[in-house]
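Heads up, the thing below is written out as structure tokens.
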Amino acid sequence: MLKHVTRTHTCGQLRAEHIGTPVVLQGWVSAVRDRGGVAFAVLRDRFGSVQITVDERSTDAARAAVKGVRLEYVLQVEGTVQARAEGAVNNKMESGDIEVIATSIQILSRTQPLPFVLDDRGESALEETRLRNRFLDLRRPLLQHNLRVRHVAAQAARGFLNGTEFLEIETPVLTRATPEGARDYLVPSRVHPGSWYALPQSPQLFKQLLMVGGFDRYYQIARCFRDEDLRLDRQPEFTQIDIEISFPSRELVMEVAEGVANAMWEATLGEGVGTIPVLSYADAMDLYGVDAPDRRFEMTLHTLSALLHEATFPPVRSALDAGGVIRGFTVKGAAAGSSRKVLDAWTAFVKEYGLGGLMWGKVAAEGVISGPAAKAIPEEVREAVLAELGAEDGDVILLGAGELRHVNPGLGRLRVHIAKERDLIPEGTFAFCWVVDFPLFEKADDGSWTSVHHPFTAPRPEHIPLFGTDRMGEMLSDSYDLVCNGSEIGGGSIRIHDPVVQAQVFEALGISETEQQEKFGFLLNALSYGAPPHGGLAFGFDRCVMLLTGATSIRDVIAFPKTTSAQDLLSGAPARVPTKDLDDLHVRSTK
RNA sequence: GGGGUGGUAGUUAAGUUGGUUAUAACGCCGGCCUGUCACGCCGGAGGCCGCGGGUUCAAGUCCCGUCCAUCCCGCCA
């Protein structure tokens with residue numbers, strides 16, 4: 001216990017058991033109700049709020065002081081906890097059985113007129129206004145709660161890792177730029193004209209160096225930086241729980257990750273994550289069309305290419321002739337409620353993902369289909385198609401035709417879109433799964449190979465002979481993503497610790513030896529000095545906290561977030577600096 | 001880089017086929033009120049309708065551009 005605290009209690013802790021207790025409270029005024037002879041104020045702090053009452057039992061000084069009290073003033077109140085009179089009890093308030101009869105009200109701080117009303121009446125200010133005045137927004141119970149959950153989750157993760165022999169070690173924030181991946185944030189060097197530091201996209205290389213350095217279980221709650229366009233769940237700087245283990249198996253890394261996830265969920269929600277099913281990447285794509293499936297609901301995808309191989313309907317025919325696929329899924333009971341407007345909106349939705357269109361069909365009695373899908377499905381296979389899709393009278397079937405790389409994301413995202421639209425997703429549930437066995441490489445638009453994960457990801461040992469063959473696209477990696485409710489919350493892999501294999505990967509990626517030495521020489525060099533087998537993963541901590549709090553935006557789980565154009569509206573960053581400062585850094589702006 | 005939505009008192013919103021002095025609620029200022037609890041009642045102040053052009057006798061309203069916020073595509077190993 002701290003010895004020098006001036007408050008005796010928090011606003012949120014007072015209950016009937018405190019009746020008769022003299023208290024000193026400090027907090028913000030969240031409501032004032034002056035009835036003339038008697039006045040009330042609600043005093044709020046991090047822990048909750050309590051009604052302060054000024055009446056004939058109060059001192060004259062308190063009665064005078066309350067006249068000057070306004071919303072969001074900061075007060076120190078002295079008084080005594082009393083039971084509220086019968087009929088004056090407020091059941092909507094946790095401390096509604098009691099009130100504090102004030103004997104002294106001291107205004108510690110006043111406020112200018114507020115830029116927005118700080119209440120949770122549903123109508124809140126535009127996000128722009130709230131971000132510009134983040135210090136006020138943070139007082140709202142929602143953000144108070146979210147940041148508390150964030151703290152509890154971080155401590156729970158630390159607790160689990162500390163208890164299993166992990167060491168928390170910091171790695172540099174000023175580091176060097178590496179090729180591939182996201183754009184780097186760069187920092188010019190004053191001492192070395194023309195040279196630049198990069199902020200880390202993740203501590204990846206350093207954690208591998210720590211393994212070579214003998215710290216066989218490392219973790220860090222690390223800030224990461226990526227200069228890419230933002231989204232609902234992406235910020236330019238974000239936080240990872242970064243983990244690396246020497247002498248791992250895939251099962252060990254997954255066990256550690258499950259331990260961390262379980263600790264976070266247990267500590268914040270009181271319920272752990274349970275047994276997490278494992279799904280291959282191939283199965284995830286096949287069933288859900290995406291590599292981070294939302295498994296809180298069914299509505300899985302089915303492949304119809306073989307059944308429809310004799311179809312003549314042009315979209316189907318041309319897709320098949322071009323080596324594409326026909327896939328589809330069923331929306332149960334949707335035929336009645338799906339107007340042309342709804343179906344057109346679904347069609348527009350899949351077009352955003354590069355799909356030419358959506359062949360919908362309403363299923364009626366005896367399997368009669370109406371709509372474009374009817375033309376796509378030859379009569380002789382109609383029943384077989386409906387059976388494959390599990391479609392019956394009253395359902396809507398949705399088919400997509402084209403290249404697999406368009407059909408899967410289009411239908412996969414539509415599946416989730418429709419589930420949200422039709423309220424098919426149970427609230428407050430968490431459907432975790434592991435997705436494993438990702439491809440090692442994928443073809444870029446220019447035909448070159450790129451890493452699906454990153455260049456240090458180990459191939460599955462049995463696939464190593466495929467290097468340099470025309471079957472490189474079939475190589476799988478020893479990697480694993482942790483997925484919850486359609487969101488990738490963690491990912492990692494077993495790393496390459498054999499310099500020969502590492503060289504094969506670089507060769508496959510078309511990274512020359514010169515470039516390898518220049519960009520990663522320090523890692524490759526380290527790996528040649530007795531590198532232990534190692535592997536690990538990183539949690540996207542912000543996304544975990546989003547799930548734990550039900551936040552609808554990543555900005556609601558970060559104290560001082562940036563806008564989608566990467567500005568901090570509070571501080572005004574990024575900002576221009578005096579030319580002299582640029583001169584010192586040997587930099588000149590072209591704008 | 002592309003597309004959708006939004007920007008009107010401090011805040012949140014309304015504003016009709018383009019037409020008199022741009023409304024309301026909350027907040028703010030002044031007053032009244034002894035049991036309120038989103039207290040209530042009376043009165044008041046408060047506007048570059050995001051910004052810049054254009055059409056028109058007339059623009060918050062129509063057109064073009066631009067900035068900001070937000071959501072999505074691309075991007076994010």
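Here the structure is a predicted model, which means the values were calculated and not measured. Every chain is numbered from 1 and lettered A, B, ... according to where its sequence line falls, protein lines coming before strand lines.
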> Want to settle it: does A:A88 or A:R234 sit nearer the 5' end of RNA chain B, counting the closest nucleotide to each?
Replying inline: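 Per heavy-atom nearest nucleotide, the more 5' residue is A:A88.
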>> Quick check: on RNA chain B, is the nucleotide nearest A:R543 upstream (toward 5') of the one nearest A:F116, or the reverse? Name the residue that is more 5'.
In response: A:F116
Between [X] and [Y], is there a side-chain N and carboxylate O pair less than 4.0 Å apart?
| X | Y | result |
| --- | --- | --- |
| A:D437 | A:R250 | yes |
| A:D233 | A:R231 | no |
| A:E228 | A:R226 | no |
| A:E72 | A:R44 | yes |
| A:D344 | A:K341 | no |

What's the closest nucleotide to the side chain of [X] if the choices are [options]?
| X | options | value |
| --- | --- | --- |
| A:T564 | B:U36, B:C28, B:C71 | B:C71 |
| A:E228 | B:C37, B:C75, B:G35 | B:C75 |
| A:R231 | B:G35, B:A69, B:C73 | B:C73 |
| A:Q51 | B:C39, B:C68, B:G35 | B:G35 |
| A:L232 | B:C73, B:C71, B:U34 | B:C71 |
| A:E127 | B:C37, B:C68, B:U70 | B:U70 |
| A:Y353 | B:C72, B:U34, B:G35 | B:C72 |
| A:L131 | B:U34, B:U70, B:G74 | B:U70 |
| A:R33 | B:C68, B:C73, B:C37 | B:C37 |
| A:L71 | B:G35, B:C76, B:G27 | B:G27 |

Name the pairing partner of [N], where a pair is Watson-Crick or G-U wobble with both distances under 3.5 Å, or state none.
| N | result |
| --- | --- |
| B:U5 | B:A69 |
| B:G43 | B:C29 |
| B:A58 | none |

If you measure from the [atom1] atom in [N] to the same atom in [M], how many Å do you get, rounded?
| N | M | atom1 | value |
| --- | --- | --- | --- |
| B:C62 | B:C29 | C1' | 40 Å |
| B:G60 | B:U20 | C1' | 16 Å |
| B:C75 | B:G10 | C1' | 39 Å |
| B:U21 | B:C49 | C1' | 16 Å |
| B:G47 | B:G31 | P | 23 Å |
| B:G1 | B:C57 | P | 39 Å |
| B:A45 | B:G53 | P | 32 Å |
| B:U11 | B:G4 | C1' | 26 Å |

Pick base, sugar-phosphate or nothing for [X], based on heavy-atom distances below 4.0 Å to the nucleic acid.
| X | answer |
| --- | --- |
| A:E99 | base |
| A:R84 | base |
| A:V42 | nothing |
| A:T457 | nothing |
| A:Q567 | sugar-phosphate |
| A:P113 | nothing |

>> Any donor-acceptor pair, under 3.5 Å, between the side chain of A:R226 and the base of B:C75, if you only look at N and O atoms?
In response: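 Donor-acceptor pair under 3.5 Å: no.
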Just how far, in rounded Å, is [atom2] of [N] from [atom1] of [X]?
| X | N | atom1 | atom2 | result |
| --- | --- | --- | --- | --- |
| A:D229 | B:G1 | CG | P | 8 Å |
| A:I52 | B:G35 | CD1 | P | 19 Å |
| A:Q82 | B:G35 | CD | P | 18 Å |
| A:D97 | B:C37 | CG | P | 17 Å |
| A:D34 | B:C41 | CG | P | 15 Å |
| A:Y185 | B:C76 | OH | C1' | 12 Å |

> Below 4.0 angstrom from OP1 or OP2 of B:C73, is there any side-chain N or O of A:R413?
Replying inline: yes
> Are A:K92 and B:A38 close enough that a side-chain N or O sits under 4.0 Å from OP1 or OP2?
Replying inline: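 True: A:K92 side-chain N/O within range (under 4.0 Å) of B:A38 OP1/OP2.
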> Once the angle between the rings of A:F506 and A:F520 is folded into 0 to 90°, is it parallel (under 30°), tilted (30 to 60°) or perpendicular (over 60°)?
Replying inline: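 Taking A:F520 first and then A:F506, their aromatic rings lie parallel (interplane angle under 30°).
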> When you look at CZ of A:R15, are more than 12 heavy atoms from neighbouring residues, nucleotides or ligands closer to it than 6.0 Å?
Replying inline: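 Yes - once you tally the heavy atoms of other residues, nucleotides and ligands closer than 6.0 Å, there are more than 12.
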>> Go through it in stages, so that I can follow the logic: the residues are A:D242 and A:Y218, the test is side-chain hydrogen bond (donor to acceptor under 3.5 Å, both in side chains), and I'd like the CA-CA distance, side-chain angles, deciding distance and then a yes or no.
In response: CA-CA 8 Å; A:D242 195 43; A:Y218 142 92; 2.9 Å; yes
